[in-house]
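Per chain, numbering begins at 1; letters A, B, ... match sequence-line order. Remember, it's a predicted structure, so these values are computed and weren't measured experimentally.
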2 protein chains.
Amino acid sequence: MAGKADGGSSITNVAAMANVSIATVSRVLSGKRSKDDDIARRVREAAKQLGYSVNYAASALRSDVTKTIGLVIPSATDAFAAQLLDTIEPTIDVESQQLLLGIGATQEAQKERIESLIDRHVDGLIVMPAPGADHAETLSRHADALPIVQIGGRQTSPHVSMVGIDEDVAMETVVRHLTEQGIASVAYMAGNELSFESAELFTMFHTHLRTYGLATDEDWNRFGACTVQRGFDCAMRLFNGPIVQPEAVVCADDTIAFGVMVALDALGIRVPEDVLVVGYHDSPIARTTMPQLTSMRAPFERIVSECLQLLASSPAGGAAETTDASGGNVRAPRVMLAPQLIVRDSSVFRR
Amino acid sequence: MAGKADGGSSITNVAAMANVSIATVSRVLSGKRSKDDDIARRVREAAKQLGYSVNYAASALRSDVTKTIGLVIPSATDAFAAQLLDTIEPTIDVESQQLLLGIGATQEAQKERIESLIDRHVDGLIVMPAPGADHAETLSRHADALPIVQIGGRQTSPHVSMVGIDEDVAMETVVRHLTEQGIASVAYMAGNELSFESAELFTMFHTHLRTYGLATDEDWNRFGACTVQRGFDCAMRLFNGPIVQPEAVVCADDTIAFGVMVALDALGIRVPEDVLVVGYHDSPIARTTMPQLTSMRAPFERIVSECLQLLASSPAGGAAETTDASGGNVRAPRVMLAPQLIVRDSSVFRR
DNA sequence: CTGAAAGCGCTAACAT
DNA sequence: ATGTTAGCGCTTTCAG
């Protein structure tokens, strides 16, 4: 009874062994105590010896702090979500916080996860919306009860803080890089034409193309699937026949870029000597192509640290502040982070 | 105060509104009550109207059931782990159970997650060991406190149940499939030679090769990295020059198979007309190659259902039973599941 | 700074 | 079958 799952002891045992009250033990172990005197040492020693660890249920019941943060993602096989998971999990100290995971591929499924996590009284909630999902209503309804951060996605309530990728800067970075390599014409293989993100990226790309004075052609710019096959087919169309060919190809996903490189290889066109290729999303594949693929990577470390900081700084229900602090309508913070271009061989002319 | 995070009410409010005692509310809402009479309806109605949901902390404190299960994986970017996550999360009913996730790429990191999860009193723990990690000691030390299931990995304590992939059957399936296609010689591109799994697969492959009477060659069987580049290089070596060439290539990973197909394409060798190719792990890439790649897939649905069943059937501390039930040393169950071969175009001769 | 004591909301005995 | 009641282990007043 006394010794089962945990070290087998409650705060009472520790208190007895250290000859102090349970209140003191609680204070010492939770750091709510100034001095580091003999008493503190005695308590820690006893706790260690008994293999004591707090009962989070009891702690949560009393203090309303569950030491858990909820994370909702669309799918673990999504490369972005997976990298997010791998970055966020080691960042939160496992001793003081744990990750409660919810996966939902649709708006409905995600909503269910979100509400369920909130029912669990998570201390904070991070939501990466599924493509096309709009959680503005759901999230803002809870924003005064706990800090919430949304990662990416379009729709947001003004009461929910958000961390996003600045795709505009991303595209400018790509175009500038190509300009610096001295090329003058570029093709762009966009993603799915039904996706808002694809359309947005497409527009931004062309804006920056004009800014930097690079040439392109309507035939060189098509929407399509993010598959190897599609990249292969498009590259075949562009490079097998036409007299005028682009000097560089930018792809909305590494998979497409891969198909492009396979096609170029089959046509005897060398990368990067004859054509430069740039991918997107920096998937693991980028490091295994020949030559290795230059690609755009989201700054996961910064995304995660911004998220955690926003959760921490939200005064236990961020939105509550938005109305009473200044009296006006203070929007929750929105942080846009620039991705970084991982420059590899596929986009650098060899000297 | 009454209404913050949750619907704003405790069991007391519900009881008052339904004109019953809190005990009855608890019983009705937790299903521990036979009839579905007027009282039950009144309680549910009140709960719904108040937006009531149980306080899991209080519930856990009292009953020692946290309604959480812990899952420890090496990395979310690992394809197997990611698919496991995507399969397991929707399987556990979010209303009654939540997933506490731990990620650790090393034995040490995983051990820390495991102990921390156990400190949290998860109701069950699923561990997918990092490559080479041995948690036998850690897990068996806790096996009498809560049900634990290990997925894959080599080392296990006899007190910890485990679900694994039967690679032997997998290899036999591959070889049989090729035999049925009428081919007589096969090359094998193994994974990392330092990995025990790679060596095991390699051995099994050759065993079945002999059983089915297929030919191979020492030069056709090499260990190496699981990258496109490696597959490309190996295929170039095998198919560009030598008079005698294999009729089929089996790869220990889809990535390798991809490289092989690129090389064959560059050499003007057609798949599947001239050479059959089979991959492993059925990564998303397999569906995007040209032609689509035949590959081996782990039966995630069965893995997950077996895991959950093992957790549920373990009598709240599985190993406790292993000593006192029969008096003898009853080993915890070990379930080996056969992967399935996803047959696509790359391994089927066109008629 | 420390100790005593009051609950947090719920479940499981125990009565009825 | 329902109600009454005693805590689960902890944090946090409130005194000293």
Go through it in stages, so that I can follow the logic: the residues are Q150(B) and H135(B), the test is side-chain hydrogen bond (donor to acceptor under 3.5 Å, both in side chains), and I'd like the CA-CA distance, side-chain angles, deciding distance and then a yes or no. CA-CA 9 Å; Q150(B) 178 173 321; H135(B) 297 306; over 6 Å; no
Does any N or O in the side chain of [X] come within less than 3.5 Å of the main-chain N or O of [Y], such that one atom is a donor and the other an acceptor?
X	Y	answer
S140(B)	H159(B)	no
Q110(A)	A133(A)	no
Q97(B)	I92(B)	no
R33(A)	V28(A)	no
D38(B)	R41(B)	no

What is the separation between atom [atom1] on [X] and atom [atom2] on [N], rounded to the nearest whole Å?
X	N	atom1	atom2	result
R33(A)	dG3(C)	CZ	P	9 Å
R120(A)	dC10(C)	CZ	P	14 Å
D64(B)	dT11(C)	CG	C1'	11 Å
I11(B)	dA12(C)	CD1	P	11 Å
L61(A)	dG7(C)	CG	C1'	9 Å

Most 5' of I22(B) and A58(A) on DNA chain D, judged by nearest nucleotide: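 Going by which nucleotide is closer to the 5' end, it is I22(B).
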Are any non-hydrogen side-chain atoms of D86(B) and I103(A) less than 4.5 angstrom apart?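 Heavy-atom side-chain distance check passes, below 4.5 Å.
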Tell me which residues in residues 37-45 of chain B lie within less than 4.0 Å of DNA chain D, going by non-hydrogen atoms.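 Those residues are D37(B), I39(B).
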L71(A), V149(A), L139(A) screened by side chain to side chain contact (heavy atoms under 4.5 Å, CB included) with V127(A), the one that passes: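 When side chain to side chain contact (heavy atoms under 4.5 Å, CB included) is applied between V127(A) and each of L71(A), V149(A), L139(A), only L139(A) qualifies.
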Checking all strands, does S63(B) fall into the base, sugar-phosphate, or nothing category for heavy-atom contacts under 4.0 angstrom?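 Sugar-phosphate only.
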What are the bounds, 5' to 3', of the part of DNA chain D that sits under 4.0 Å from heavy atoms of chain A?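 Counting from the 5' end, contacts occupy dG9(D) to dT13(D).
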How many angstroms lie between atom CD of Q98(B) and atom CG of D93(B), to the nearest 0.5 angstrom?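 Spacing of CD (Q98(B)) from CG (D93(B)) equals 9.5 Å.
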How long is the straight-line distance from CG of L125(A) back to CD1 of I118(A), given to the nearest 0.5 Å?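 Those atoms lie 5.5 Å apart.
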Looking only at side-chain N and O atoms, does Y52(B) come under 4.0 Å of OP1 or OP2 in dC10(C)?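 Answer yes for this pair, as a side-chain N or O of Y52(B) is under 4.0 Å from OP1 or OP2.
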Please write out each protein N/O paired with an N/O of nucleotides 13-16 of chain C under 3.5 Å, distance rounded to 0.1 Å.
none

What are the two closest non-hydrogen atoms of L99(A) and I88(A), and how far apart are they?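 So the two residues come closest at CD2-CG2, 3.9 Å.
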